[in-house]
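Step one of this worksheet: look at the structure below.
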Amino acid sequence: MPSQDLLNGLNASQQAAVQSIDGPHLMLAGPGSGKTRVITHRIAYMISQGISPRDIVGLTFTNKAAGEMRRRLDVLIGPTDVWLGTFHGFCVRLLRRYSQLVGLPVNFNIYDVDDSLACLKQAVKDSNIDLSHTPVSRLAQRISFYKNRLVTPEVLQADPRGSSEYQVSQIYPHYQQALLACGAVDFDDILMHTALMLREHAELREQLDERFRYMLVDEYQDTNLAQYVILRQLCVDHPNLAATGDPDQSIYGWRGANTQNVANLERDYPNLRIIRLEDNYRSTPEILSLADCLIQNNQYRKHKQLVPSRPAGHKVRLTIYPTARAEAEDIADQIVAWTKSTDHPLSDFGILYRTNAQSRLLEQAMVRRQLPYQLIGGFRFYLRKEIKDLIGYVLLVNNPNDDIACQRVINVPPRGIGKQTVEKLRRFAHEHQMSLLEACRIAGSEKLLSSRATIAVRDFVRLMDRLNDQASGSLVSLLQTTLDETRYREFVEKSARSDQDQLDLGQNIDELLAEAHEIDGEIDGDTHDSRSSLERFLELVALQSDVDKLKTDRNVVTLMTLHAAKGLEFPCVYLIAVEENILPHARSKDDPMQLEEERRLLFVGITRAKDRLQVSYARSRGFGGSSESGIPSSFLMELPRREMLVQDRCDDLGSDYNDAGNYDAGEDFSDQFSPDPSDLAGGETIDHDDLTFDYDDSCQLPPEELKQRRLKKAQRRTGSSLTTGASLADSQIPWEKFRQGVHVSHPLWGNGQIVQVSGHGPKRAVSVVFSDTGLERTFRLSHAPLRLEG
DNA sequence: ACTCGTAGCCTTTTT
DNA sequence: GGCTACGAGT
């Protein structure tokens, strides 16, 4: 395609983004601004200008997004050699290639959360460190936290201020050693190893900077420090970096994502070109107005516009249900009615919620109506027991040093190697610095075990040897041999508790085989990729995400979390359970930064909708066993209610689907508003403005809650807390109190001490060393949410 | 060594 | 409500 054609149909800023190739770029792209289109056209344009596809790397958040780009690129210019994939995928390739630099074997295994936790537990056990009631999962969290910030065991141990984290600093090196001994990495290691490798090997860094001349990064607002460093290292000599992102859609702060990375670009690349993509082509003005009103409430935010380009459409509905069950059932009914009376396919509907737990009632409602649906997330396919068992064998074949995999499969299905035996073998292996499998191999000649156990262990070793013979063959034959030799299907049939279980388990195994078959096929067809099918398979298993499995072509309703919905769009969106303690989540309410992230989450949800949006909450919702009354989310108060269609369905649905039992339908709105089903199906909007009412009365906020709310507002106005940040008038902040040696806290980085200051007034900048991480960060007082302590 | 039962646990979001 | 870890019985 000639390069001029690549600009067709693009607006001015999109064209600018496509045509400006060299140098650092930041594309601030709001939702629905045609970002993916711009990136793919940009790549195509680059190639049309003579840049070699092999010099280009495009990094995305999910494999799904990478696949979509690949597909569009194929349409534009046909198959190319551009590297498109996820950050993690990219790093795994680099690590395989240069594994010896980080002390890993080429065939290192990648651990999922379960394996990582098992490994950590073992490290704790072997190191004889007393945990004194600290749960291991908490340690895992902390270690992950540090890894995302590139804090190595050595750095953490050297930090004298880490006393509060003493246990973590003690365990961390043992854990890292255990991983290395197994020849394995956890998720966070993939990024950390890569970042450190680039940082510590100047020659390699230079070589790769040269090799990957053009870097494009999608969802840049969700990158963490490790990813930031990786990018930085690869864009020194050839600073051709195109970062795309939207700070308003940053929803992974809890995973170490650092919004600051966006701001840091300006600091790192003085000639950064910023291109704003603000025209929204996805949603109706009604939907965008809602999103805009909401996000304005975020204080730590740079102003950005949402410019509608579509004609007016339907009003957004806010629906109040008596119970969570009524919510699920009614939405299912609506979808049925809608698909009957219009030509909407089921794939037009997306139902979004904050936590996975909210999917259950919806699933039940769908099943009852025989509505086909796809559930994204929840329990992951690869984390299912039967799948993990099988993969365990493959992992052990790939890397015989992987003791975690070995322990997983050594007695599955049961073959007479019990706990005691495994413990003896482990101790022996530990003493003699060998892997568990090696220990099994020589257990017989060492007279380590009873005669019965010796035979069982010998048989296990022979089994692994036979599987090893299949390693170079096709994946399917390796898996099939494993299934046959272990009589795994028989074992699964016995352990299934119900017929349905049995069927599911069998189907899962079949699905895994089908995937293996697919990979075997790719190997024959594609001579470009030299990786073995085993390697590909293990990468797929480790790095494929739930969203990657999303099918957009199938005629089914989609159910997923708000996080999973990022980057997607649906003509009709239902946003459910918009209730206090759910969205915003109870655990995020205390921290202003986290609260803003919750607001962004709702913003992401709203902006997924193209034509129609219904936001809903229920007055009562079951939590586990008990039921609790649902308080409408405080975010709902921030929406422009005059523009919305508010429906209270408590009266007409109250008597049905009563899952909590104690809904009091007393003095409600039955005469003020009765919903008309034809409005839903026919697509005609009736103006109910005169029927809407004020939230503070209608949503029955408890008086205490209202009081709190007013109090907080008042506090914010008077600036009674010593927090910096754009929200307060400059004169009210005692800027000069931020001087060297003063203790401060930051909502994200924790507590720290000012080590350096410069400038005066709101322009004052301070450098702070944080005790949690030992890292030094510099902030402009007028922008950073720093708080004086003590 | 294995199977079954139960008490106690947690329950945000995920590459 | 659902899963895991642990313990008692076979």
Side-chain angles (χ1 to χ4, degrees), chain A residues 59-66 85-92 110-114 116-117 121 135-138 141 144 147-148 185-192 218-219 222-224 226-227 250-257 352-361 364 376-380 382-385 410-422 450 452-453 456 491 494-495 497 539-548 560-566 577 581-589 594 597-598 600-602 604-605 621-628 659:
Chain A
L59 299 177
T60 58
F61 202 63
T62 62
N63 293 297
K64 169 98 185 150
T86 63
F87 242 109
H88 286 78
F90 178 68
C91 290
V92 166
I110 303 168
Y111 281 173
D112 60 38
V113 274
D114 284 1
S116 308
L117 206 63
K121 276 181 186 157
V136 186
S137 57
R138 155 97 193 149
Q141 261 178 33
S144 172
K147 284 186 173 180
N148 282 322
V185 298
D186 65 21
F187 265 128
D188 304 313
D189 280 341
I190 294 174
L191 300 177
M192 184 171 82
D218 198 10
E219 309 285 9
D222 286 322
T223 54
N224 60 28
Q227 289 165 316
S250 159
I251 53 175
Y252 284 93
W254 50 275
R255 207 169 74 182
L352 312 180
Y353 37 81
R354 173 69 235 264
T355 72
N356 285 305
Q358 263 100 51
S359 70
R360 264 217 353 269
L361 290 171
Q364 287 170 12
I376 307 299
F379 346 84
R380 266 177 209 213
Y382 296 115
L383 290 183
R384 278 165 213 216
K385 186 172 56 63
I410 196 166
N411 201 31
V412 176
R415 53 172 72 89
I417 307 176
K419 256 190 157 171
Q420 299 293 321
T421 308
V422 173
S450 70
R452 196 155 56 136
F491 162 67
K494 251 190 292 174
S495 61
R497 291 197 308 276
E539 191 180 308
L540 177 89
V541 163
L543 300 182
Q544 191 177 64
S545 72
D546 295 315
V547 203
D548 297 336
M560 62 178 142
T561 62
L562 290 163
H563 282 93
K566 193 179 67 165
N581 297 326
I582 296 180
L583 180 62
H585 195 271
R587 288 198 49 176
S588 298
K589 286 209 305 184
Q594 285 186 40
E597 183 157 308
E598 296 284 313
R600 289 195 291 270
L601 209 41
L602 181 55
V604 167
R621 183 173 301 274
F623 274 109
S626 65
S627 84
E628 278 174 39
D659 59 356

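Residue numbers start from 1 in every chain, and the chains themselves are labelled A, B, ... in the order their sequence lines are given, proteins ahead of strands.
- Here A:T62 lies out of heavy-atom contact (under 4.0 Å) with every strand.
- Checking the phosphate oxygens (OP1, OP2) of B:dT12, no side-chain nitrogen or oxygen of A:T561 falls inside 4.0 Å.
- B:dT13 and C:dT4 are spaced 22 Å apart, taking the C1' atom of each and rounding to whole Å.
- A:N356 has a side-chain polar atom (N or O) that falls below the 4.0 Å cut-off from OP1 or OP2 of B:dT14.
- Remark: side-chain polar atoms of A:H88 are not paired, donor with acceptor, to backbone N or O of A:I190 under 3.5 angstrom.
- Contacts of A:R415 with the nucleic acid, taken as non-hydrogen atoms under 4.0 Å apart, involve only primed sugar atoms and P, OP1 or OP2.
- Among the heavy atoms of the strands, none lies under 4.0 Å from A:F87.
- Residue contacts for A:K121: at a heavy-atom cut-off of 4.0 Å it reaches the sugar-phosphate backbone alone, with no base atom in range.
- Of the possible polar contacts, none joining the A:D112 side chain to the A:A542 backbone as a donor-acceptor pair under 3.5 Å is found.
- When the nucleotides B:dT12, C:dG1, B:dT15 are ranked by their closest atom to the side chain of A:T355, B:dT12 comes out on top.
- Rounded to a whole Å, the CG atom of A:N224 is 12 Å from the C1' atom of B:dT14.
- Separating the CZ atom of A:R138 from the C1' atom of B:dC9 is a distance of 18 Å, rounded to the nearest angstrom.
- Looking at which nucleotide of DNA chain C each of A:K419 and A:R360 is closest to, the 5′-most match is held by A:R360.
- Within the structure, every side-chain polar atom (N or O) of A:R354 is placed at least 4.0 Å from both OP1 and OP2 of B:dT12.
- Panel note: side chain A:E598, backbone A:H585; a donor-acceptor pair is recorded below 3.5 Å.
- Stacking annotation: A:H563 is not stacked on the base of B:dT13 (requires ring centroids less than 5.5 angstrom apart and an interplanar angle below 30 degrees).
- Put simply, the side chain of A:Y353 gets close to the backbone of A:M560: a donor and an acceptor are under 3.5 Å apart.
- As a whole-Å value, the separation of A:K64 NZ from B:dT14 C1' is 18 Å.
- Going from atom CD1 of A:I190 over to atom C1' of B:dT14 covers 13 Å, rounded to whole Å.
- Comparing A:G416 and A:A564 along DNA chain B, the residue whose closest nucleotide (by nearest heavy atom) sits nearer the 5' end is A:G416.
- At B:dC2, one or more side-chain N or O atoms of A:N411 fall inside 4.0 Å of OP1 or OP2 (strictly under the cut-off).
- A:N411 places a side-chain N or O within 3.5 Å of a backbone atom of A:R415 that can act as its donor or acceptor partner.
- Between B:dA1, B:dT15, B:dT12, one nucleotide has an atom nearer to the side chain of A:Q420 than all others, and that is B:dA1.
- For A:S588, taking side-chain heavy atoms from C-beta onward, the closest of the listed nucleotides B:dC2, B:dT12, B:dT13 is B:dT12.
- Here the closest heavy-atom approach between residue A:D222 and residue A:Y252 is recorded as OD1-N, 3.5 Å.
- Look at A:Y252 and the base of B:dT13; the rings do not stack under the cut-offs of 5.5 Å between centres and 30° between planes.
- In the set B:dT14, C:dG1, B:dT15, B:dT15 carries the atom at the smallest distance from any side-chain atom of A:H88.
- Out of B:dT15, B:dA1, B:dT12, the shortest distance to the side chain of A:T86 is found at B:dT15.
- Looking at the side chain of A:W254, the nearest of the listed nucleotides B:dT14, B:dT12, C:dG1 is B:dT14.
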